[in-house]
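A short write-up of the structure that comes next.
A quick note: this is a predicted structure, and the numbers were derived from the prediction, not measured. Here is the naming used below: chain letters follow the sequence lines, and residue numbers restart at 1 for every chain.
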2 protein chains.
Amino acid sequence: MKKTILIFGSLAFSLLLLFQISKYSLIGKDFEIEGVLAIVAVVFFIVGVYLNKRSLHTEKRLEGEIDLEKIKALELSKREYEVLVEISMGYSNKEIADKLFVTESTIKTHVSNLLVKLNAKRRTQAIQIAKELRIL
Amino acid sequence: MKKTILIFGSLAFSLLLLFQISKYSLIGKDFEIEGVLAIVAVVFFIVGVYLNKRSLHTEKRLEGEIDLEKIKALELSKREYEVLVEISMGYSNKEIADKLFVTESTIKTHVSNLLVKLNAKRRTQAIQIAKELRIL
DNA sequence: ACGCTTTTGGTACTTTAGTATGAGCCTGTT
DNA sequence: AACAGGCTCATACTAAAGTACCAAAAGCGT
């Protein structure tokens, strides 16, 4: 947020400068009005596109990537997180057990601990909560 | 894609027109150069922002929003889709039943049909498949 | 070596989920 | 009117999922 304001401010300031310079350099010679107009148009068009892309990019960061900090905060162990990922892929406990080369018992234990730590009652709810926490 | 090209083309054309008009109306009276420059700058800035937002919005449709066409293609009924949404929210069959004012039996029927149509074995897998199909 | 956490595994049991099948009710279409 | 599709509900299962409790082996920092 602070960065956006700073960048926007300095950009506006420098554009104002350019604006003033071009205005004064025009006094007396009105045969290049078209050129100046075109330049101004292109510059502001590019600035518009650039600023917009930046702001949208910032928004996207709030939607996409995973948050490693919260995994620690929730005290999720490596194995528990692995199981969580497999659950979100739609696998059953047995399938996860085969994938990770352990027994179904072990997976059940992990899942139970997982549900407690995520404060979920079902694995589907765990998926939903994990995605809200940007853990998945 | 076609729409984007059309809109972009017509916008460019009309802007060219405005550009020409403003140019000719300026001949002889160079005391309003600043105003015209400002207007051109603002207009192109807005156009830049708008066009950029549009193109990014189109990209986002490939990531975010739901695809109503595929829901029809899969022959999912209204009720089945409602149940699918509730499942993805992490609710149990009983909870969904209470929410939709029907019995758990009904929800089970819907879920069963849902799994067949989505070619899933479990509700968690249904969520995963539905999200890949951009149904959720 | 000792304490601590993680990972693993088991038994026994309860609760959800999911399948199969059949059936009644409503609604829009032919 | 007849028919198809969608929604509802029930019974009777089977199969997963989840809980509770316990316990041994492994890994790790002090």
Side-chain angles (χ1 to χ4, degrees), chain A residues 66-133 135-136, chain B residues 66-133 135-136:
Chain A
I66 52 176
D67 192 341
L68 297 172
E69 299 301 316
K70 281 181 186 156
I71 298 179
K72 291 176 192 168
L74 290 166
E75 294 180 320
L76 289 186
S77 70
K78 265 165 290 178
R79 216 50 167 168
E80 284 165 353
Y81 183 71
E82 281 186 273
V83 172
L84 176 60
V85 172
E86 297 298 326
I87 286 177
S88 76
M89 302 285 282
Y91 294 113
S92 69
N93 289 337
K94 187 76 193 67
E95 286 171 338
I96 297 172
D98 292 343
K99 269 197 156 192
L100 301 184
F101 303 107
V102 293
T103 65
E104 198 185 342
S105 263
T106 306
I107 301 300
K108 281 190 176 184
T109 306
H110 289 323
V111 173
S112 263
N113 295 332
L114 205 51
L115 295 181
V116 172
K117 290 178 182 176
L118 283 178
N119 198 28
K121 289 175 185 169
R122 284 163 290 282
R123 49 171 51 209
T124 48
Q125 198 180 10
I127 295 172
Q128 163 72 4
I129 291 172
K131 286 192 173 168
E132 273 183 3
L133 294 175
I135 294 298
L136 283 180
Chain B
I66 52 177
D67 190 342
L68 296 173
E69 299 302 316
K70 280 180 187 156
I71 298 178
K72 290 177 191 166
L74 289 166
E75 293 181 319
L76 290 186
S77 71
K78 264 166 290 176
R79 216 51 166 166
E80 284 164 354
Y81 183 71
E82 283 187 272
V83 172
L84 176 60
V85 171
E86 297 298 328
I87 286 177
S88 77
M89 303 284 282
Y91 295 112
S92 70
N93 289 336
K94 187 75 193 70
E95 286 170 339
I96 298 171
D98 292 341
K99 269 195 156 193
L100 301 184
F101 303 108
V102 293
T103 65
E104 197 185 345
S105 263
T106 306
I107 301 300
K108 281 190 176 185
T109 306
H110 289 322
V111 172
S112 263
N113 295 331
L114 205 51
L115 294 181
V116 172
K117 290 177 182 176
L118 283 178
N119 198 28
K121 289 174 186 169
R122 286 163 289 281
R123 48 175 46 211
T124 47
Q125 198 179 8
I127 295 173
Q128 164 70 5
I129 292 172
K131 287 194 172 166
E132 274 183 1
L133 294 175
I135 294 299
L136 282 180

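The phosphate of C/dT16 (OP1 or OP2) has no side-chain N or O of B/Asn93 nearer than 4.0 angstrom. Residue A/Ser77 places at least one side-chain N or O under 4.0 Å from the OP1 or OP2 atom of C/dT7. The phosphate of C/dG9 has OP1 or OP2 within less than 4.0 Å of a side-chain N or O from A/Thr103. Proximity of B/His110 to the phosphate of D/dT8: a side-chain N or O atom is located under 4.0 Å from OP1 or OP2. The phosphate of C/dT19 (OP1 or OP2) has a side-chain N or O of B/Ser112 nearer than 4.0 angstrom. Put simply, B/Arg122 has no side-chain N or O that comes within less than 4.0 Å of OP1 or OP2 on C/dA17.
A/Arg123 and A/Asn93 share a donor-acceptor pair across their side chains, judged by distance under 3.5 Å alone. If you check the side chains of A/Thr103 and A/Thr106, you find a donor sitting under 3.5 Å from an acceptor.
In this structure, B/Glu75 atom CD and D/dC7 atom P are separated by 13 Å, rounded to whole Å. Rounded to whole angstrom, the span from the CZ atom of A/Arg123 across to the C1' atom of C/dA17 amounts to 11 Å. Atom CD1 of B/Ile107 and atom P of D/dG6 are 17 Å apart (whole Å). What separates NZ of A/Lys78 from C1' of D/dC28 is a distance of 10 Å, to the nearest Å. Note: NZ (A/Lys108) to C1' (C/dT16) measures 12 Å, nearest angstrom. Summarising the geometry, the separation between CD on B/Glu104 and P on D/dT11 is reported as 13 Å, rounded to the nearest angstrom. In this structure, A/Phe101 atom CZ and C/dT7 atom P are separated by 17 Å, rounded to whole Å. Rounded to an integer number of Å, the gap from CG of B/Asn113 to P of D/dC7 is 10 Å.
A 4.5 Å side-chain heavy-atom check between B/Leu100 and B/Arg79 finds at least one atom pair inside the cut-off. Put simply, the side chain of A/Ile96 does not reach to within 4.5 Å of the side chain of A/Val111, judged on heavy atoms.
Checked against A/Leu84 for a side chain to side chain contact (heavy atoms under 4.5 Å, CB included), the options A/Ile135, A/Leu115, A/Ile71 give a single hit: A/Ile135.
Side chain of B/Glu95 to backbone of B/Tyr91: no donor-acceptor contact under 3.5 angstrom is found.
Between the CD1 atom of B/Ile129 and the CG atom of B/Asn119 there is a distance of 6.0 Å, given to the nearest 0.5 Å.
For B/Leu115, the listed nucleotide lying nearest its side chain is C/dT19; candidates were C/dT19, D/dG18, D/dA10.
In this structure, B/Ser105 reaches the bases: a heavy-atom distance under 4.0 Å links it to at least one base atom across the strands shown.
Fit an axis to the five pairs at each end of the helix from C/dA1-D/dT30 to C/dT30-D/dA1 and the two axes sit 50° apart, to the nearest 10 degrees.
Comparing B/Val102 and A/Val116 against DNA chain D, the residue whose closest nucleotide sits nearer the 5' end is B/Val102.
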